[in-house]
Novice: 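Sharing a structure, written as structure tokens. Questions coming.
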Amino acid sequence: MLMRTDPFRELDRFAQQVFGTPGTWSKPAAMPMDAYRSGDEFVVCFDLPGVTKDAIELDVERNVLTVKAERRPLPGGDDVQMQVSERPLGVFSRQLFLGDTLDVDHIKAEYEAGVLTLRIPVAEKAKPRRIEIGGAESDRKQIKA
């Protein structure tokens with residue numbers, strides 16, 4: 001799996017935490033993730049606490065996987081006075097550049113307890129396989145005849 005990293009993503013996330021700037025659709029904030037290989041699939045987990053399942057978008061185009069999510073403010077009214085607001089709101093996004101060795105047509109997505117888990121199988125053409133080697137015995141039989 002090929003993933004390009006943005007060296008400024010951590011700086012943006014730090015600035016968001018310090019200054020409290022919410023992500024917007026034109027400039028989404030980063031979302032933390034873990035990625036690992038387990039057998040014949042890659043597993044990617046995104047932390048999206050407080051995001052509802054219907055506020056998550058997954059798209060794949062030309063081996064580029066895009067995950068967008070929006071954490072909306074809690075419903076309030078005139079009688080609600082916020083005392084502490086530390087949970088970031090707004091739009092979060094992440095793009096992964098998937099290699100040709102992954103089967104993007106069979107991605108499975110699950111969302112549970114604020115974690116979006118994607119399972120991306122390795123393509124059949126990329127799986128290790130044994131190659132039979134022709135021996136010199138068959139060549140010798142043809143020479144003797």
Side-chain angles (χ1 to χ4, degrees), residues 1-76 82-145:
M1 177 163 66
L2 172 66
M3 296 188 321
R4 295 184 187 159
T5 58
D6 181 2
F8 298 104
R9 185 169 295 276
E10 289 300 314
L11 184 61
D12 286 344
R13 186 164 40 179
F14 177 72
Q16 180 187 6
Q17 289 174 344
V18 171
F19 302 116
T21 57
T24 63
W25 284 104
S26 61
K27 185 167 176 30
M31 67 180 79
M33 71 168 220
D34 291 334
Y36 57 93
R37 183 171 178 166
S38 176
D40 285 339
E41 66 183 5
F42 278 95
V43 181
V44 186
C45 301
F46 298 93
D47 277 347
L48 297 170
V51 175
T52 60
K53 189 166 103 172
D54 62 327
I56 301 172
E57 292 180 13
L58 290 172
D59 296 309
V60 176
E61 184 178 346
R62 294 186 183 177
N63 288 3
V64 177
L65 172 73
T66 303
V67 180
K68 278 192 175 183
E70 183 177 12
R71 183 178 300 129
R72 299 177 178 113
L74 297 172
M82 184 63 71
Q83 300 299 311
V84 177
S85 180
E86 294 178 350
R87 297 174 56 215
L89 301 174
V91 179
F92 303 87
S93 179
R94 194 78 183 246
Q95 283 191 323
L96 301 178
F97 296 83
L98 306 176
D100 292 333
T101 60
L102 298 178
D103 187 358
V104 296
D105 294 328
H106 294 95
I107 296 174
K108 295 178 184 171
E110 299 172 357
Y111 186 63
E112 184 178 343
V115 178
L116 174 65
T117 303
L118 304 179
R119 297 184 180 280
I120 309 167
V122 174
E124 284 296 321
K125 66 181 181 181
K127 290 181 181 176
R129 61 190 177 281
R130 196 161 192 81
I131 299 172
E132 293 295 323
I133 301 172
E137 280 185 35
S138 59
D139 292 342
R140 283 190 215 139
K141 289 179 185 177
Q142 290 176 359
I143 294 173
K144 290 182 182 179

Novice: Got a second to check how far K68's NZ is from L58's CG, nearest 0.5 Å?
Specialist: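 It is 12.5 Å, given to the nearest 0.5 Å.
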Novice: Any side-chain heavy atom of L102 sitting closer than 4.5 Å to one from V122?
Specialist: yes
Novice: Can you sort out the partners of R119 under side chain to side chain donor-acceptor pair (under 3.5 Å), two or more places apart, ordered by chain and number?
Specialist: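 Partners of R119 under the side chain to side chain donor-acceptor pair (under 3.5 Å) test: E41.
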Novice: Please list every donor-acceptor pair under 3.5 Å in which a side-chain atom of residues 104-111 meets a protein atom from a residue at least two apart or in another chain.
Specialist:
unit_1, atom_1, unit_2, atom_2, d
H106, ND1, D103, OD1, 3.2
H106, ND1, D103, OD2, 2.7
Y111, OH, L48, O, 2.8
Y111, OH, V51, O, 2.5

Novice: Give the C-alpha distance, both sets of side-chain angles, the deciding distance and a yes or no for side chain to side chain contact (heavy atoms under 4.5 Å, CB included) between T52 and R72.
Specialist: CA-CA 9 Å; T52 60; R72 299 177 178 113; 4.2 Å; yes
Novice: Who are the side chain to side chain contact (heavy atoms under 4.5 Å, CB included) partners of D47, not counting sequence neighbours?
Specialist: P32, P49, V115
Novice: Considering all heavy atoms of both residues, which atom of V43 and which atom of S38 are nearest to each other, and what is their separation?
Specialist: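 Closest approach of V43 to S38, heavy atoms only: CG2-CB, 4.3 Å.
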Novice: Please answer whether the main-chain N or O of G39 pairs with a side-chain N or O of R37 as donor and acceptor at a distance below 3.5 Å.
Specialist: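 Checked: pair present.
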Novice: Identify the two heavy atoms, one from M33 and one from R94, that lie closest to each other, and give their separation to 0.1 Å.
Specialist: CG-NH1, 3.6 Å
